[in-house]
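Written out below as structure tokens is the structure these notes cover.
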Amino acid sequence: VDCMENATATDTCIDNVKICVLSGSIHLEVLQSQYDTSRLDLIAAPRFSDLYSFFRDGRCNVIASEQFDITEDPIRRNGYTGPYKLGDKAVSSAPISLVTKEDDPWFSDFVNWIIQGLLAAEELKVTQSNAFAIGITDNFGQRFENMFIDAVAAVGNYGEIYDHHLAPILQRQSANELNQGDTGLIFSFPFGNPNKEITKPLSTSATIEAIWGRGQLKCAFVENAGFAQFDS
């Protein structure tokens, strides 16, 4: 771990590194782009469970994956008993999000509003014990006016959810904390690998069909008017 986090181009320790990484994952792409793969051994695991079994059986001495998947707790639960250390350096910042069915936009909007409500509840210091304080809403009609109250009452606000499920294995870091107004930092979503070959998805829309038939994605950046640009 120390070698991977601090190694320079002339360090020889990297020659002894064997990294298990999930086949076809963004983690594999990141390793291939940031390290000299001619000097280290990348072992692609076909399934997620193989990451643990390969490491446990000694086929690799490093695992690359999401932080909460490679904390010590899941490693031990999957049978590894030797010395273990989780690195402090993140080599990628790929966002993780919920996925909903594309043919139900109403439900997708509902889920997104629930997530925003859990974040707002933490900011407003509304907890599971006083969930009623977040109030009702008419966003989805009278039937769902208690949607935010019910959500917070069921699982707590975002911070409570994190503390209950993830804090015991991974300390909450700045990217998962509320912006208290003391920073202008905005997370930039990665663009991805434009040269990656992809296969046509089984389920497509008219837009995807048009892009696929054209053979390229047309992108553009629009400059929004800033302060003083409205002045005449």
Side-chain angles (χ1 to χ4, degrees), residues 24-27 48 65-69 92-167 170 172-194 196 198-214 216-226 230:
S25 67
I26 184 64
H27 307 102
F48 196 85
S65 187
E66 298 296 334
Q67 287 181 306
F68 49 80
D69 291 323
S92 67
S93 299
I96 299 176
S97 66
L98 293 172
V99 176
T100 56
K101 296 178 64 175
E102 64 179 356
D103 60 355
D104 194 347
W106 188 94
F107 179 70
S108 296
D109 287 343
F110 189 89
V111 171
N112 286 329
W113 273 104
I114 289 293
I115 298 300
Q116 295 301 319
L118 297 175
L119 293 168
E122 181 180 11
E123 184 177 12
L124 296 171
K125 295 181 172 45
V126 176
T127 65
Q128 192 170 21
S129 62
N130 67 332
F132 66 89
I134 199 170
I136 61 175
T137 177
D138 60 358
N139 288 346
F140 291 87
Q142 186 176 6
R143 179 184 176 188
F144 298 102
E145 65 179 10
N146 291 322
M147 56 186 286
F148 297 134
I149 297 174
D150 293 341
V152 177
V155 296
N157 62 40
Y158 179 86
E160 289 178 298
I161 295 173
Y162 196 100
D163 289 342
H164 180 73
H165 294 283
L166 287 177
L170 183 66
R172 191 174 177 184
Q173 300 176 8
S174 57
N176 285 318
E177 293 178 345
L178 298 180
N179 188 336
Q180 302 297 333
D182 55 359
T183 174
L185 182 64
I186 299 176
F187 182 83
S188 176
F189 287 89
F191 188 76
N193 182 4
K196 182 180 179 180
I198 62 172
T199 57
K200 186 177 181 180
L202 296 177
S203 176
T204 63
S205 64
T207 301
I208 296 298
E209 289 289 347
I211 295 173
W212 196 267
R214 189 169 60 238
Q216 58 184 345
L217 177 64
K218 296 181 179 180
C219 300
F221 296 92
V222 178
E223 181 181 359
N224 293 326
F230 292 110

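In this structure, the side chains of Thr127 and Val152 stay at 4.5 Å or more apart for every pair of heavy atoms. Taking 4.5 Å as the limit, every side-chain heavy atom of Val126 sits out of range of all side-chain heavy atoms of Asn157. Here the side chains of Gln128 and Val155 are not in contact, with every heavy-atom distance at 4.5 Å or above. Counting heavy atoms from C-beta outward, Asp69 and Phe48 have side chains that approach closer than 4.5 Å.
The minimum heavy-atom distance linking Ser65 with His27 is given by the pair C-NE2, 3.7 Å. In terms of heavy atoms, Ala131 sits closest to Ala153 at CB-N, 3.5 Å. Minimum heavy-atom separation, Ile134 to Gly117: CD1-O, 3.6 Å. Minimum interatomic distance between Pro105 and Glu102 (heavy atoms only, all atoms of both residues): CD-O, 4.3 Å.
Atoms CG and OG, from Leu98 and Ser108 in turn, are 10.0 Å apart once rounded to the nearest 0.5 Å. Going from atom CD1 of Ile136 over to atom CG of Asp150 covers 11.5 Å, rounded to the nearest 0.5 Å. Between atom OG of residue Ser25 and atom CD of residue Glu66 there is a gap of 9.0 Å, rounded to the nearest 0.5 Å. Going from atom CD of Glu123 over to atom CG of Leu118 covers 13.0 Å, rounded to the nearest 0.5 Å. Between the CG atom of Asp138 and the CE atom of Met147 there is a distance of 11.0 Å, given to the nearest 0.5 Å. The structure places CG of Leu166 at 10.0 Å from CD1 of Ile161, a figure rounded to the nearest 0.5 Å.
Heavy atoms from other residues, nucleotides or ligands lying under 6.0 Å from CZ of Arg143 number 12 at most.
Electrostatic pairing of Glu122 and Arg172 counts as a salt bridge here, judged by a charged N lying under 4.0 Å from a carboxylate O.
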Asp109 and Phe140: CA distance, side-chain angles, deciding distance, side-chain contact (heavy atoms from CB on, under 4.5 Å) verdict: CA-CA 10 Å; Asp109 287 343; Phe140 291 87; 4.1 Å; yes
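Taking the six-membered ring where tryptophan is involved, the planes of Trp113 and Phe148 are tilted, since the angle between them lies from 30° to 60°. Using a 30° and 60° split on the angle between ring planes, Tyr162 and Tyr158 fall in the tilted class, from 30° to 60°.
For the pair Asp104 (side chain) and Phe107 (backbone), a donor-acceptor distance under 3.5 Å is present.
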